[in-house]
Amino acid sequence: MRIGYKLAAEAFGPAELVAQAAAAERAGFDFVEISDHYHPWLNTQGHSPFAFTVLGAIAERTEKLGLATGVTCPTVRYHPAIVAQAAATTAVLSEGRFTLGLGAGERLNEHVVGDRPTTFPQSIGERHRRLREAIEIMQLLWKGGYRSYHGRYFEVADARVFDLPEGPIPLAVAAGGAQAAKLAAESGGGLFATESKESLVRHYLAAGGEGPRYAEVPVAWAPDADEAAQAALDGSRFMVLGWKVMSELPNPAHFEAASAWLGTDDIRTELPCGPDPEPYLRTARAYADAGFDHLVLMNAGPDPEGFLGFYRRELDGPLRALVPGPA
């Protein structure tokens with residue numbers, strides 16, 4: 001089992017994120033994953049730096065730590081040719097330690113470029129078709145040389161990415177259902193999920209998927225369970241809303257309104273809170289049993305440094321001993 005640490009780019013500024021990544025490497029994590037947002041989920045979080053700049057700085061501050069976006073939408077706010085260039089540069093700077101996590105996007109981030117032909121589409125099917133084209137463009141540009149592409153949604157005219165890594169750039173595609181899981185497999189990349197749904201892994205494998213299977217595991221550490229639950233409520237309660245809500249609301253004010261009814265009891269039912277390692281291991285075991293082999297711990301607690309120490313003392317060995325289920 002490979003274990004990652006989620007860099008919450010909505011909750012911390014760029015310098016703090018780089019420091020957390022270096023600390024995560026010292027704590028024994030295999031990789032870090034950073035969200036790629038334009039806005040935070042909640043105004044109280046207060047941050048949202050440019051992910052690829054932060055990753056470049058992390059690459060220089062670390063030696064073995066894997067890097068990943070979790071996840072980038074390459075279809076509206078970015079053109080896929082620009083993401084291809086950004087990913088290639090990050091892979092070069094990290095000497096091949098970078099994985100490009102991709103997804104169909106959230107309105108929270110993609111609506112900011114305004115109303116134009118490439119605005120964030122209503123249809124889930126169209127979002128996935130756009131993502132498929134974007135992946136084709138990026139993989140074409142990573143072959144080197146001057147390339148052109150004429151698709152239904154995107155065009156590339158005589159473009160070349162000059163700085164390419166020595167090896168291929170791994171992909172991981174986010175999936176919440178069968179269609180996206182199939183796309184992940186057909187792209188030749190890994191699977192990325194936020195739920196412990198065995199069906200996602202099963203659809204991915206049935207479509208020929210052979211890559212790593214990432215899953216984000218929400219937790220909230222603090223020396224006191226009540227303190228941990230309150231911190232998660234204050235800064236991360238949007239997670240309880242579910243992906244169908246999270247992908248559609250346009251700005252932090254909407255998320256604050258939609259989640260105003262939640263309390264600490266709701267948080268406790270969704271994620272382990274406090275200093276006892278057993279609930280963390282039980283939650284992680286559910287993801288492993290569903291077939292995931294890369295677990296990303298998302299700490300919603302108030303003390304990142306304290307959480308990293310807790311991970312090193314209590315979680316590192318037991319989490320690595322988990323065996324992914326067959327799905």
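Counting heavy atoms from C-beta on, the side chains of E133 and H128 never come closer than 4.5 Å. In this structure the side chain of Y153 never reaches within 4.5 angstrom of the side chain of T75, judged on heavy atoms. Between R213 and H294, the closest side-chain pair of non-hydrogen atoms is not below 4.5 Å.
Remark: the backbone N or O of T69 is not paired with any side-chain donor or acceptor of T72 at under 3.5 angstrom. Although no hydrogens or angles enter the test, the distance criterion places no donor-acceptor pair under 3.5 Å between the side chain of Y287 and the main chain of V296.
Residues satisfying the side chain to side chain contact (heavy atoms under 4.5 Å, CB included) criterion with E278, sequence neighbours excluded, are D276, L281, R282, R285. Residues satisfying the side chain to side chain contact (heavy atoms under 4.5 Å, CB included) test with T90, not counting sequence neighbours, are F52, L55, F98. Under the rule for a side chain to side chain contact (heavy atoms under 4.5 Å, CB included), the partners of Q230 that lie at least two apart in sequence or sit in another chain are L233, D234, T264. For Y149, the side-chain hydrogen bond (donor to acceptor under 3.5 Å, both in side chains) partners at least two apart in sequence or on another chain are E136.
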Salt bridge (charged side-chain N to carboxylate O under 4.0 Å, His left out) evaluation trace for R97 with E60: CA-CA 12 Å; R97 291 183 278 142; E60 289 300 301; over 6 Å; no
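Applying the salt bridge (charged side-chain N to carboxylate O under 4.0 Å, His left out) rule to pairs touching residues 31-57 yields K6-E33, D36-R77, sequence neighbours excluded. Every pair tested for salt bridge (charged side-chain N to carboxylate O under 4.0 Å, His left out) that includes a residue from residues 141-153 fails, sequence neighbours excluded, so the list is empty. Screening residues 42-52 for salt bridge (charged side-chain N to carboxylate O under 4.0 Å, His left out) gives no qualifying pairs among residues at least two apart or on separate chains. Listed by first then second residue, pairs satisfying salt bridge (charged side-chain N to carboxylate O under 4.0 Å, His left out) with a partner in residues 298-320 read D30-R320, D316-R320, not counting sequence neighbours.
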Considering only distance and modelled atom types, tabulate donor-acceptor pairs under 3.5 Å from the side chains of residues 267-274, sequence neighbours left out.
from: R268; atom 1: NH2; to: D226; atom 2: OD1; distance (Å): 2.2
from: T269; atom 1: OG1; to: D266; atom 2: O; distance (Å): 2.7

What donor-acceptor contacts under 3.5 angstrom involve side-chain atoms of residues 253-263, with partners at least two apart or in another chain?
from: H254; atom 1: ND1; to: N251; atom 2: OD1; distance (Å): 2.8
from: H254; atom 1: ND1; to: N251; atom 2: ND2; distance (Å): 3.2
from: E256; atom 1: OE2; to: N43; atom 2: N; distance (Å): 2.9
from: S259; atom 1: OG; to: R237; atom 2: NE; distance (Å): 2.8
from: S259; atom 1: OG; to: F255; atom 2: O; distance (Å): 2.7
from: W261; atom 1: NE1; to: A258; atom 2: O; distance (Å): 2.8

Could you tabulate the donor-acceptor pairs under 3.5 Å formed by side-chain atoms of residues 198-206, not counting sequence neighbours?
from: Y204; atom 1: OH; to: G189; atom 2: O; distance (Å): 2.7
from: Y204; atom 1: OH; to: E210; atom 2: N; distance (Å): 3.4
from: Y204; atom 1: OH; to: G211; atom 2: N; distance (Å): 2.7

Solution key, residues 13-28 side-chain donor-acceptor pairs under 3.5 Å, sequence neighbours excluded:
from: E16; atom 1: OE2; to: Q20; atom 2: NE2; distance (Å): 3.0
from: Q20; atom 1: OE1; to: Y5; atom 2: OH; distance (Å): 2.9
from: E25; atom 1: OE1; to: E63; atom 2: N; distance (Å): 3.4
from: E25; atom 1: OE2; to: E63; atom 2: N; distance (Å): 3.0
from: E25; atom 1: OE2; to: K64; atom 2: N; distance (Å): 2.8
from: E25; atom 1: OE2; to: L65; atom 2: N; distance (Å): 3.0

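Ring orientation note: the planes of F50 and Y78 are nearly perpendicular, at an angle over 60° on the 30°/60° scale. Ring orientation note: the planes of Y311 and F29 are close to parallel, at an angle under 30° on the 30°/60° scale.
Ring to ring, F307 and W221 are not that close: their centroids are 6.0 angstrom or more apart.
Seen from the ring of F120, R107 does not count as a face-on cation partner, given the 6.0 Å and 45° thresholds.
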